[in-house]
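Reading through the structure tokens given below for one structure.
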2 protein chains.
Amino acid sequence: MSLRHALLGLLSDRPASGYDLLKLFETSLANVWPATQSQIYTELTKLDGTGLITVAAEGPRGRKEYAITDEGLAELRHWLTETRPQRNTRSDVLLRVFFLGVLTPEQARGYLAELIEMSDQGYENLRRLMESVDWDDDDLSVYGRIALEYGLRFNAMRREWAEWAAGQIK
Amino acid sequence: MSLRHALLGLLSDRPASGYDLLKLFETSLANVWPATQSQIYTELTKLDGTGLITVAAEGPRGRKEYAITDEGLAELRHWLTETRPQRNTRSDVLLRVFFLGVLTPEQARGYLAELIEMSDQGYENLRRLMESVDWDDDDLSVYGRIALEYGLRFNAMRREWAEWAAGQIK
DNA sequence: ACTCTACATTCCAGTCTTGACATGTCACCA
DNA sequence: TGGTGACATGTCAAGACTGGAATGTAGAGT
């Protein structure tokens, strides 16, 4: 259950409402840990209930601005330092590769060609994002840029692999 | 819901029991689409119910050997050719990177050092697997090797990225 | 005869996730 | 004043996933 920690992480930077957080998920975190609106609001209510966050202010339109508590920050630090990432990564993309044998070689190469295109687009999107953001020196900027670099390298790697793979067929 | 297609894919190679499939998931597919025993048996029952697979033979100890039907094979091909992979990939590893700012630089570098080690171990495990399997010319061998190569490149990429990232801190 | 391991399946409670539906408010502009 | 779009939250059903408990059989070795 890392959604909890994703929310704690975002709130550790600054207080925010559910709506704010939803926007943050749609932009910065979308590639790493997608979450829907209903999930976010549900989890915020739970976090509030367990005292890891608290309603710091209320605004117009029923806006509730949540802030992380000391307890929440401790939980976030604990997650970062004491627990190992081990979420089994599921890859829709790679799963299909295993079964390309049921298709014709042409179709299989077609699938890999789509992956190449997908990787190129992913790369381009991230490159544009990299340029559009004006990076500060604050923590989220530094580590956001590091995560973005990961995305760039990942897409480049996948592209090259898909090209190599297409050459392996038949 | 790709577990369904993972099972169809494995059964397209040869008939198998739930137990056989569980073993296959534990070995070959574990890195790509992990599934638990209860999930597999539940899904097999559903697939049998919708006619995509059928009980081809019964063996000792209540063993039920499932085989893919023509309808199932059609569904598998449809999934491979007509639907685009778009499963949002969740990355526990990368999510943490976003929030390393709440730690000290030393702790953050410590996390990246663990990622380096994790990547090295992943690489080594796959390299050993690559050597231990005696690869045939059949489809699952060809595409299994291609998927394995992906894993090797992925781990190498992640290692290099983590090294670079550690240098970016502070 | 006995025991142990691998084989083999079924069921369940609880949680996570998806994709809606429902409801209402504020600010701006025409 | 009326309409629109962004702001803002809450709830629900259905399906996916986790982790475990329960149950039993066949075969291989001692």
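Chain identifiers are assigned alphabetically (A, B, ...) following the order of the sequence lines, protein sequences preceding nucleic acid strands; residue numbering begins at 1 within each chain. Computed from a predicted model, the values in this text were never measured in an experiment.
Distances shown here put every side-chain N or O of K64(B) at or beyond 4.0 Å from the OP1 or OP2 atom of dC7(C). Between Q39(A) and dT18(C), a side-chain N or O to OP1/OP2 separation shorter than 4.0 Å is present. The phosphate of dC16(C) has OP1 or OP2 within less than 4.0 Å of a side-chain N or O from K46(A). Dashed line: the shortest gap from a side-chain N or O of Y19(B) to OP1 or OP2 of dC7(C) is under 4.0 Å. R4(B) has no side-chain polar atom (N or O) that falls below the 4.0 Å cut-off from OP1 or OP2 of dG15(D). Put simply, R63(A) has a side-chain N or O that comes within less than 4.0 Å of OP1 or OP2 on dA8(D). Contact annotation: Q37(B) does not reach the phosphate of dG19(D) (side-chain N/O to OP1 or OP2, under 4.0 Å).
Rounding to whole angstrom units, CZ of residue R90(B) and C1' of dT15(C) are separated by 14 Å. Between the C1' atom of dT9(D) and the CZ atom of F25(A) lies a distance of 17 Å, rounded to the nearest Å. The interatomic distance linking L95(B) (CG) with dC16(C) (P) rounds to 15 Å, in whole Å. For the pair E58(B) CD and dA8(C) P, the interatomic distance rounds to 13 Å; values are reported in whole Å. Between L44(A) atom CG and dC16(C) atom C1' there is a gap of 16 Å when expressed in whole angstrom units. The separation between E26(B) atom CD and dG19(D) atom C1' is 14 Å, rounded to whole Å. Note: NZ (K23(A)) to C1' (dA6(D)) measures 8 Å, nearest angstrom. Per the geometry, CZ belonging to R61(B) stands 4 Å off C1' belonging to dC7(C), to the nearest Å.
When each of dA8(C), dT17(C), dT25(C) is scored by its nearest atom to the side-chain atoms of L3(A), the top-ranked nucleotide is dT17(C). For Y41(B), taking side-chain heavy atoms from C-beta onward, the closest of the listed nucleotides dC17(D), dT9(C), dT18(C) is dT9(C).
A cation-pi contact links R153(B) to W164(A), judged by a cut-off of 6.0 Å to the six-membered ring centre and 45° from its axis.
Using a cutoff of 4.0 Å between basic side-chain nitrogens and carboxylate oxygens, E65(B) and R63(B) are scored as salt-bridged. Using a 4.0 Å cut-off between a side-chain N of Lys or Arg and a carboxylate O of Asp or Glu, E26(A) and K23(A) qualify as a salt bridge.
When heavy atoms are screened at a 4.0 angstrom cut-off, S38(A) is found touching base atoms of the nucleic acid.
Along DNA chain C, the nucleotide nearest to T42(B) and the one nearest to P60(B) differ in position, and the one closer to the 5' end is contacted by P60(B).
Using modelled atom types, one finds a donor on one side chain and an acceptor on the other under 3.5 Å when comparing D20(A) with S17(A).
Of the listed residues (R159(A), R158(A), E160(A)), just one forms a side chain to side chain donor-acceptor pair (under 3.5 Å) with S119(A), and that residue is R158(A).
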